[in-house]
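Only a predicted model underlies this, so the values are computations on that prediction, with no experimental measurement involved. In what follows, every chain begins at residue 1, and chains take the letters A, B, ... in the order their sequences are listed.
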Amino acid sequence: MTFKRYMKAGAMLAVAALGLTACGGDTATTPSPEAPADTTTAPAPVDETTPAEETTPADEPAGEAVQIDYLHRLPDGEGMVPVSEIVQRWNDENPNIQVTATKFDGEAQEMITKLETDVNANNAPCLAQLGYAEVPDMFVKGLVEDVTEEARKYEGDFGGAFGQMAVGDTIVGLPQDSGPLVYLYNATEFENLGIEVPTDSASFIEAAKTAAAEGKYIASFTPDEATYWLSGQAAGAGATWYSAENDQWVVNTTGEETQAVAALWQELLDAEAVATHDRWGDAYGAAMVDGTLIGNIAAAWETGFALDGLDGTEYEGQWRVAQMPAINGSEMTGPNGGSGVAVMKGCEHPAEAMEFNAWFNTQVDDLAQQGLVPAATAPASTPEKMSRQFGGQDVMAELVTANERMSTDFGYIPGFPAVGGEMQTAAAAAANGSGKVADIFEAAQAASIAALEDAGLPVAQS
Amino acid sequence: MSSPSVSAEPKRRKWSRQARHQAISGWAFALPFFLAFCLVFVAPILSAIRSSVFTMKASGGGLFGGGEMEEVFVGLENFQTVATNGAFWSGIGRVFLFGIVQIPIMIGVALLLALLIDSFLVRRPGIWRLSYFLPYAIPGLVAAIVWGYLYIPEVSPFADMLPEIQGSPFFLSPPIVLWSMANMTTWTFTGYNMLIFLAALQAIPGDLYEAARIDGASGWKITTQIKIPMVGSAALLAVLLSIIGTVQLFNEPTVVSTLATWMPKDYTPMMMAYNTMMGLLTPSGAGMASAISILMALIAGSLAVLYFLAQRRLQK
């Protein structure tokens with residue numbers, strides 16, 4: 001047990017270390033956004049780890065294979081079908097379109113900065129994984145290609161997430177996975193406590209109080225995950241934070257629907273009926289292992305790994321997935337994460353890149369193995385590991401239901417990553433009682449307007 | 001170099017073949033250095049200065065700026081924005097507080113250790129020297145991770161005995177975290193500073209001690225009257241390096257902020273510069289990040305000059 005804990009802490013710190021080392025590499029290439037673009041040389045490989053065997057000069061004579069580079073952040077964990085293997089299958093079947101996949105080890109935001117530098121230096125990969133919330137930002141910065149025409153051909157293969165790769169009327173890629181918020185809980189513990197799976201705010205609060213009286217928590221308010229976790233809940237409650245009016249942005253992160261989310265968590269925090277462990281800290285996993293944390297609202301993709309720490313404990317196989325409780329009486333859920341694969345500016349073969357993109361993102365079973373909830377409409381089967389950890393439940397079916405309930409009105413603004421930092425700081429204050437949950441959304445309002453103005457985009461003054 | 005130039009004194013206008021030859025080979029030898037220096041030092045600085053007076057603005061109009069951005073010359077506006085940003089000065093305040101407390105402690109301990117190793121009290125000084133220096137040889141990140149283990153109650157052997165403060169584990173709580181980081185820095189750099197002192201101590205000519213002993217000076221007198229005054233210039237160097245290092249405080253807070261998520265993204269000025277570059281703070285972008293970096297460089301430079309002048313005045 002303690003060994004596992006050490007392993008987890010180690011993994012977390014290693015991620016932190018990777019983040020730092022990656023930054024060390026970046027700073028050398030930093031500032032000038034107008035780095036001289038030497039168009040005469042062939043595009044350099046994404047980085048030195050690109051296999052040498054498949055690199056041929058880009059100015060190859062006609063008839064030779066088209067080279068596509070693809071940069072991703074998929075986990076490639078143990079027991080998963082590695083991305084390289086999926087890509088190899090494509091390469092074997094499509095001698096004319098050869099794809100080289102490279103995994104980026106580092107944080108999402110660092111990959112964005114890398115892509116920005118690479119596009120400006122004309123050696124960006126053709127395809128790259130982008131979080132949905134990052135897509136508008138990348139588009140505004142002129143880093144993605146308009147592939148609307150190509151994308152329309154494949155629209156039928158994808159569900160509602162297709163729209164997440166669109167910026168206004170322009171489509172820049174295809175969706176890969178989606179992260180609707182769902183509710184994870186330990187069914188056995190719930191039964192022992194005599195509580196039902198909460199279906200709305202009122203029953204959520206009631207169940208939390210009952211469990212807390214017994215020293216158990218059916219949720220944890222997670223400040224470090226506040227950005228998408230809370231905005232996703234607001235979306236589920238029916239809020240639309242960002243909309244357009246007369247070609248100007250209207251920011252409303254403090255509307256009635258969002259206030260319902262604030263009120264819910266404020267009451268739970270005031271009653272000390274929920275834990276306040278950071279999602280990615282050690283305390284969260286430890287609380288699951290010692291049995292005090294028996295549920296939480298979580299992104300669908302967390303089902304791929306959230307229960308790993310419980311393998312071999314008495315709680316193995318006791319957890320289940322359910323729909324997120326209805327907040328504000330809304331039957332919807334909201335997005336927490338999810339990514340697509342976009343075509344980067346300067347890609348020489350966008351049509352071929354999109355052909356691979358569409359194929360790759362419809363390999364639903366392989367993607368499910370990677371712990372994703374595929375955005376493609378083809379049904380994915382629940383991987384064996386997931387089935388074991390969730391006591392034989394058909395997890396994928398439940399997640400597909402969640403996907404169908406997802407709010408389609410909730411989009412993000414360019415510069416949203418900067419809004420997140422302000423929300424997290426305010427959320428940490430709310431968690432320790434020095435602030436209120438409503439302050440988080442006030443902070444989001446101010447930060448959103450500041451981010452839009454900083455990018456030089458029109459904001460409606462209210 | 002000097003002797004041929006003396007012989008060439010009378011006909012100064014024309015270089016002798018030998019002098020020219022020497023000049024050419026001298027410059028040829030220095031060339032790789034200058035090339036590398038320009039490439040990795042001068043060029044990035046110039047590029048940062050250029051970048052700091054520009055900003056990227058959406059140009060195409062509409063909600064998404066038409067997917068185009070253009071570089072706009074803004075003069076010193078970025079600097080003005082940074083200088084009027086309260087978060088920037090709070091960051092400076094934290095770093096300043098850190099330095100005022102941590103540097104004297106670290107330098108004091110380093111001097112003490114160096115004096116002990118230099119004295120005849122310690123057997124096998126080589127082992128001690130190496131073991132004190134060892135933390136510096138461990139990469140800063142690894143050190144930060146090791147200390148991270150000791151600060152998180154879930155894995156630390158002692159952190160869970162201490163109370164939580166404001167809902168955070170003791171070592172990661174708002175009033176304490178700065179000192180948790182100071183502790184990491186002290187652990188890493190004390191041995192390094194000790195080596196600076198030790199080198200200075202061992203450069204003191206032995207006949208000074210001999211003369212002092214003949215005059216009847218005790219070991220204590222020799223330490224306070226000879227050794228400590230003689231390492232003054234080493235202390236100057238050590239403190240200067242520490243001031244600059246403190247201004248650039250980045251590794252420790254960045255690792256610690258993954259454990260203490262309440263920490264704002266602009267906790268120290270260098271973190272602010274990095275997160276501005278990464279688009280995690282508003283205003284964001286390379287221009288603003290460069291402005292922060294340049295401003296910090298200026299502040300670090302002026303602090304170093306101020307300290308140097310103060311030190312000189314004191315020594316007179």
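To the nearest 0.5 Å, atoms CG (A:Asp282) and CG (B:Leu259) are separated by 8.0 Å. Here the OG atom belonging to B:Ser257 is positioned 11.5 Å from the CG atom belonging to A:Asp224, to the nearest 0.5 angstrom. Note that OG1 of A:Thr113 is 8.0 Å distant from CG of B:Leu280, once rounded to the nearest 0.5 Å. Between A:His277 atom NE2 and B:Thr261 atom OG1 the span is 12.5 Å, to the nearest 0.5 Å.
For A:Asp247, the parts lying near chain B are the backbone and the side chain together; criterion is any non-hydrogen pair under 4.5 Å. Both the backbone and the side chain of A:Pro417 come within contact range of chain B, each with at least one heavy atom under 4.5 Å from a heavy atom of that chain. Heavy atoms of A:Glu453 lying under 4.5 Å from chain B belong exclusively to its backbone.
A:Pro458 and B:Gly62 make their closest contact through CD-O, 3.5 Å (heavy atoms, listed as atom of the first residue, atom of the second, distance). For A:Ala286 against B:Glu154, the heavy-atom pair with the smallest separation is CB-CG, 4.0 Å. Between B:Ala58 and A:Val140, the shortest heavy-atom contact is CB-CG1, 4.4 Å. Contact detail for B:Met69 and A:Lys141: the closest heavy-atom pair is CG-CA, 3.8 Å.
Judged as a side chain to side chain donor-acceptor pair (under 3.5 Å), the pairs with a partner in residues 420-436 of chain A (not counting sequence neighbours) are, in order, A:Thr227-A:Gln424, A:Asn432-A:Ser434.
Taking chain A as the reference chain and counting heavy-atom pairs below 4.5 Å, the highest number among B:Gly279, B:Gly65, B:Ser293 is found for B:Gly279. Most heavy-atom pairs under 4.5 Å with chain B, from the set A:Gly168, A:Ala283, A:Ala431: that is A:Ala283. Put simply, of B:Leu63, B:Thr282, B:Asn275, the one with the most heavy-atom pairs under 4.5 Å next to chain A is B:Leu63. Most heavy-atom pairs under 4.5 Å with chain A, from the set B:Pro139, B:Pro264, B:Ala260, B:Ser284: that is B:Ser284.
Enclosure of atom CZ in B:Phe133 by more than 12 non-hydrogen atoms of other residues, nucleotides or ligands within 6.0 angstrom is indicated. The number of heavy-atom neighbours closer than 6.0 Å to CD of B:Glu70, taken from other residues, nucleotides and ligands shown, is above 12.
By the side-chain contact (heavy atoms from CB on, under 4.5 Å) test, B:Val82 pairs with B:Phe88, B:Met288, B:Ala291, B:Ile292, B:Leu295, sequence neighbours left out.
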